[in-house]
Amino acid sequence: MSDYKHKIGITQGDTNGVGWEVIIKALSHPSVVELFTPVIYGAKHIAEFYTRGLKDVEPLHFNICNSAAEARRGKINLVECGAKDTRIEAGRATEESAKQALDALEKASSDLVAGDLAAVVTAPINKESMQKVGFGFTGHTEYFASKAEGEPMMIMCSELMRVALQTVHIPVDKVAESLSAEGITSSLVALRQVLKQDFGIVEPRIAVLSLNPHAGDGGVIGTEENEIIRPAVQEASKQGVLAFGPFAADGLFFGEEYKKFDAILAMYHDQGLTPFKALSPDGVNYTAGLSVVRTSPDHGTAFDIAGKDLADAQSMRNAIYEALDIVRRRNDYKFWSRNPLEHFEREKGRDVSMKDLQAAEEN
């Protein structure tokens, strides 16, 4: 499949946030349809409302379709979602705007799982209002984990760094009890595979952050480093992972030490996302480890600037192109890591038996 044929789904997110503004800006250049086929899940009247408030941006011309299967190449496609009379109250979290977001998300994920989309890029939602309309998940990461095969891993990525999270959307006072040596080892093994398969890194180097200040100071400020994290790093190393640490977070990010590594595994949400967003304000949130590809911009609904033409579309733009790049790399990895004998025999039009393989080895 050529890049031109890739259909990338884009959900509108909370319709009272900046979702539509960054989508319109990100897709405003005519050449985007030469790179991939956009399939937006949202409401046309809401798109038109936000377009009127944007300066120097031409309106998007939509090809209306019922699903991604009907999307046309060379067009910006729109799958209509939600009620056509939904009120638009830019800057406010409402149940109506959450229902619009949920409907778009459900239609996009259905097309993604069905194989009619190469990937999905999600605009921001408001988690509190989403709970009021029956969403039932703490975020997009958990939602897509329920729809696809695999174990999800939240990775923030940019040209500068990649930060993965051991724990995601849980209270800080639950982090320590949620850590285990087995869990961290499993994450490191999975992260190595993600970096090879989805980012094209031949043999990645991974830094592991400590939980406590100063990496526990030898047990003076906490024992998790000695009892959980360091044994996990050692076990992962035995399994072929180039894992190092645990490092104190402040020390690793100071003086650009993080640049020595291909990825960083943080123990909790803000430990990883705070330095990432400070250093990579236009980064991308990637839900790794699943059979499907989903990315998003690394910002929220930004209700305070919604409808004011102040939203920067660069993170959304990066999320779209990162999704496309990951799809490419996965296809490349699948091709280059295939069984060459199996491929050779399949090309000859017959199956390979164990007897054939044994005979080949003996000869």
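For the pairing with Y321, the side chain to side chain contact (heavy atoms under 4.5 Å, CB included) check across V284, V32, I8, I326 returns one residue only, V32.
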(message) Please evaluate residues R328 and D325 with respect to the criterion salt bridge (Lys or Arg N to Asp or Glu O under 4.0 Å), reporting the C-alpha separation (whole Å), side-chain torsions for both, the decisive distance (0.1 Å), and the verdict.
(response) CA-CA 5 Å; R328 288 175 182 155; D325 284 343; 2.7 Å; yes

(request) Starting from the C-alpha separation in whole Å, work towards a yes-or-no answer on ring-ring contact (aromatic ring centres under 6.0 Å, His included) for F261 and F247. (result) CA-CA 12 Å; F261 302 95; F247 298 102; 5.6 Å; yes

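T11 places no side-chain N or O within 3.5 Å of a backbone atom of L105 that could act as its donor or acceptor partner.
Minimum heavy-atom separation, F137 to F135: CD1-O, 3.1 Å. Minimum heavy-atom separation, Y50 to E21: CD2-CG, 3.8 Å. In this structure, N16 and T94 approach most closely via the heavy-atom pair ND2-OG1, 3.2 Å. Closest non-hydrogen pair, A43 versus Q12, comes out as N-OE1, 3.0 Å.
A salt bridge does not link D111 to K107: none of the charged nitrogens lies less than 4.0 Å from a carboxylate oxygen. Look at D309 and K25 and you find a salt bridge, because one of the NZ, NE, NH1 or NH2 atoms lies within 4.0 Å of a carboxylate O, short of that distance. The pair D116-K7 does not meet the salt-bridge criterion, since no charged nitrogen lies less than 4.0 angstrom from a carboxylate oxygen. Using a cut-off of 4.0 Å between Lys/Arg side-chain N and Asp/Glu carboxylate O, E225 and R230 are scored as not salt-bridged. K259 has a carboxylate O that lies under 4.0 Å from a charged side-chain N of E256, or vice versa, which qualifies the two as a salt bridge.
Cation-pi geometry between R294 and Y286 is not met at under 6.0 angstrom from the ring centre and within 45 degrees of the axis. In this structure, R205 forms a cation-pi arrangement with F244, its terminal cationic atom sitting closer than 6.0 Å to the ring centre and no more than 45° off the ring axis.
Taking a 6.0 Å sphere around CG of D304, one finds it holds more than 12 heavy atoms contributed by other residues, nucleotides or ligands.
Linking Ile, Leu, Val, Met, Phe, Trp and Tyr residues whenever their side-chain heavy atoms come within less than 4.5 Å places F49 and L60 in a single cluster.
The aromatic rings of W20 and F62 stand perpendicular to each other, their planes meeting at an angle above 60°, with 30° marking the opposite boundary.
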